[in-house]
There are 2 protein chains.
Amino acid sequence: MTADGADVQDGDGQAEADSRTEPKQSPEIEVPAARERARAIPEAAVARLAVYLRALSGLADQNVSTVSSDELAVAAGVNSAKLRKDLSYIGSYGTRGVGYEVSVLIGQIERTLGLTRKHSVAVVGIGNLGHALANYGGFPSRGFPVSALFDLDPDLIGVPVGGIPVSHIDDIVKVCTEREVTIGVIATPAQGAQEVCDRLVAGGVTCILNFAPVVLQVPENVEVRKVDLAVEMQILSFHVARRQQEAAAEADQSAVDGADIGPPGSGGQVPGDVESADRMVERL
Amino acid sequence: MTADGADVQDGDGQAEADSRTEPKQSPEIEVPAARERARAIPEAAVARLAVYLRALSGLADQNVSTVSSDELAVAAGVNSAKLRKDLSYIGSYGTRGVGYEVSVLIGQIERTLGLTRKHSVAVVGIGNLGHALANYGGFPSRGFPVSALFDLDPDLIGVPVGGIPVSHIDDIVKVCTEREVTIGVIATPAQGAQEVCDRLVAGGVTCILNFAPVVLQVPENVEVRKVDLAVEMQILSFHVARRQQEAAAEADQSAVDGADIGPPGSGGQVPGDVESADRMVERL
DNA sequence: TAGTGTGAACCTATTCACAGCC
DNA sequence: GGCTGTGAATAGGTTCACACTA
């Protein structure tokens, strides 16, 4: 449960450890507003809220009006204690002995996640993946309209993809500013990614979803999330390997008095190439 | 930092809390082999090892033969203490006062991640995303050869995509078994995902990378990782919202003696639709 | 009675800081 | 002097278990 699949590569939020210095500065007024609360929601919980939201939408589609934490937990693939705690971060919207009203919960989670506002999206790099993102009908539908596409291939400029004409990378700043893009998706090869990122930032984009296999350098007011297929694959690979080792170890009933520990002819292949499983995503 | 971008939706590794019951069962032999160690590496560290590996490959390409933890940490976007600790889980391959030999580290990380073995990949759902994955040249190159593609669209069956002919979904079990697929990538709409998953598992696949927005049900010996664009977007959205709230709160210099806490006309939009930002990825 | 909300215990992960070594 | 490797301290997240309430 790394919950880190697509890890955030945040710039090491080290600096100002505790912005809100004292717990209760003046013991007078109970200042904590909803504002304060946003600060307080653990990262891990935020990620799950999005998952709950999907589960809830599914329930709403089936005209379910009420769920218990147990039911919702199952639908979302977590345990109910965690779910309740997560929900408690956004407030008390359940009814004891009954459960949660689906519509209320949807509303509250949307509010918390800031989904009550549209976020214009720009996709940069209209290669295979960029195409997929841009073409993708459900994408612009609601919540995250794709409002700009960029590439540097002259053959692509002006060509509409998913209904939106591709602009040139050189126009990122201008177009993003004009169209008030808030989320930039980088689907370029690794080489161009930092450059693209800089331009997006210059164009006022404060959130970036990065598919390129590079660690982006951004100012601290910009949020980057990274999705890395190579990393995902390699993590899976690790688990295969571990399982094989365990299986091999199981066969160690033979040697409780282990006679040297050489590779027991099981899964121990010779190191090979593989060198650039990493480069995998580069051309996506 | 959430490191959960593409979260693992692991089946709640609750059951057998401590498999290795006693620390040192028999005080005789020092049994801990490399085997034991794999168990011990924290999930979070595994994910980062993959990142380090990429950084190291980059260095190797530039003919750098030695790195310090500081240098590598910068390249990988983490801090050096974390990096050293992570590396310590796989052994002591550095030289004090000097640093790490790039080639050695690459070899060791690859070994740890099980990359010394090829992992056949099957992609199911040759829509936009599936196409992207299959077409993608760097993908099959090394480490993770794509050896099977599946879809249910009759028009696609037999058509080669990225050099591999698409098979029908009904043949998943047969083909996966034949070609010894170990990693299955699900890029279908949500509806079909569980069904596809079941077949992959029946075909001997033990690792699944799931792009479909559903919580897959799998036997406990199967590892699932999930990549969910909608969730990523929503997490970014949350951070935009939080920032806006902070900005708004900053404007609260006016009321240190806060006169009621109503929404100060800042970022408080009215809840809207958005309802299915969730459904976003469905057609990917 | 059924199920939420939450303090407290527990476990995992990150950071610190320094001993040990080249 | 510089840098690794690692215990110890801290922070962050999860689970437990139960008081509370509709």
Side-chain angles (χ1 to χ4, degrees), chain A residues 1-4 7-20 37 39-49 52 66-74 76-102 104-105 108, chain B residues 1-4 7-20 37 39-49 52 66-74 76-102 104-105 108:
Chain A
M1 61 171 72
T2 57
D4 298 48
D7 294 88
V8 177
Q9 53 121 270
D10 76 337
D12 220 51
Q14 184 190 25
E16 7 133 57
D18 232 26
S19 341
R20 56 139 172 72
R37 188 171 288 138
R39 250 269 99 115
I41 304 179
E43 266 302 305
V46 172
R48 285 189 299 264
L49 284 176
Y52 305 153
T66 299
V67 262
S68 68
S69 60
D70 274 329
E71 293 163 342
L72 186 52
V74 168
V78 301
N79 73 336
S80 62
K82 196 188 285 182
L83 181 134
R84 286 202 303 280
K85 177 131 286 194
D86 287 346
L87 291 183
S88 80
Y89 293 126
I90 69 173
S92 296
Y93 301 106
T95 309
R96 289 168 197 239
V98 180
Y100 302 88
E101 199 172 334
V102 172
V104 170
L105 220 42
Q108 290 305 325
Chain B
M1 61 180 70
T2 58
D4 298 49
D7 295 85
V8 177
Q9 54 123 269
D10 77 336
D12 220 52
Q14 182 191 24
E16 7 132 59
D18 234 25
S19 342
R20 54 135 171 77
R37 189 172 286 140
R39 249 268 99 116
I41 304 179
E43 265 304 304
V46 172
R48 285 189 300 263
L49 284 175
Y52 305 154
T66 299
V67 260
S68 69
S69 61
D70 273 330
E71 293 163 342
L72 186 52
V74 168
V78 301
N79 73 335
S80 62
K82 196 187 287 181
L83 180 134
R84 285 201 304 279
K85 179 132 283 197
D86 287 345
L87 292 183
S88 80
Y89 294 126
I90 68 174
S92 297
Y93 300 106
T95 309
R96 290 165 196 241
V98 180
Y100 303 88
E101 199 172 334
V102 172
V104 171
L105 221 40
Q108 291 304 326

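Given the structure is predicted, the values throughout are model-derived calculations rather than measurements. Throughout, protein chains are lettered first and strands after them, A, B, ... in sequence-line order, and every chain is numbered starting at 1.
Along DNA chain C, the nucleotide closest to B:Ala45 and the one closest to A:Asp70 are compared, and the more 5′ of them pairs with A:Asp70.
Closest contact between the side chain of A:Ser88 and the listed nucleotides D:dG13, C:dT6, C:dA13 involves C:dT6. The side chain of A:Pro42 lies closest to D:dG13 when the candidates are D:dT4, C:dA13, D:dG13.
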Tabulated below should be each protein N or O lying under 3.5 Å from an N or O of nucleotides 19-22 of chain D; please produce it.
| unit_1 | atom_1 | unit_2 | atom_2 | d |
| --- | --- | --- | --- | --- |
| D:dC20 | O2 | A:Arg96 | NH1 | 3.0 |

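Atom OH in B:Tyr100 sits about 15 Å away from atom P in C:dC22, given to the nearest Å. Rounded to whole angstrom, the span from the NZ atom of B:Lys85 across to the P atom of C:dC18 amounts to 15 Å. Taking atom CD of residue A:Glu71 and atom P of nucleotide C:dA2, one finds them 14 Å apart after rounding to whole Å. Between B:Arg84 atom CZ and C:dC16 atom P there is a gap of 11 Å when expressed in whole angstrom units. Taking atom OH of residue B:Tyr89 and atom P of nucleotide C:dT12, one finds them 11 Å apart after rounding to whole Å. Between the NZ atom of B:Lys82 and the P atom of D:dT10 there is a distance of 19 Å, rounded to whole Å. Distance A:Asn79 CG to D:dT14 C1': 8 Å, rounded to the nearest Å. The nearest whole Å value for the distance from the CG atom in B:Asp86 to the C1' atom in C:dT14 is 10 Å.
Evaluation of the side-chain contact (heavy atoms from CB on, under 4.5 Å) rule for B:Val98 yields B:Thr66, B:Thr95 as partners, not counting sequence neighbours. Residues passing the side-chain contact (heavy atoms from CB on, under 4.5 Å) test with B:Glu71, sequence neighbours excluded: B:Val67, B:Ser68. Legend: residues meeting side chain to side chain donor-acceptor pair (under 3.5 Å) with B:Ser80, ordered by chain and number and at least two apart, are B:Asp70. Residues forming a side-chain contact (heavy atoms from CB on, under 4.5 Å) with A:Val74 (at least two apart in sequence, or on another chain): none.
Side-chain atoms of A:Leu49 and A:Tyr89, non-hydrogen and from C-beta on, never get closer than 4.5 Å to each other.
In terms of phosphate contacts, A:Ser69 brings a side-chain nitrogen or oxygen within less than 4.0 Å of OP1 or OP2 of C:dT4.
Between B:Gly94 and B:Tyr100 the shortest heavy-atom distance is CA-CD2, 3.4 Å.
Paired with B:Ser69 under the rule side-chain contact (heavy atoms from CB on, under 4.5 Å), one option of B:Val78, B:Leu83, B:Asn79 passes, and it is B:Leu83.
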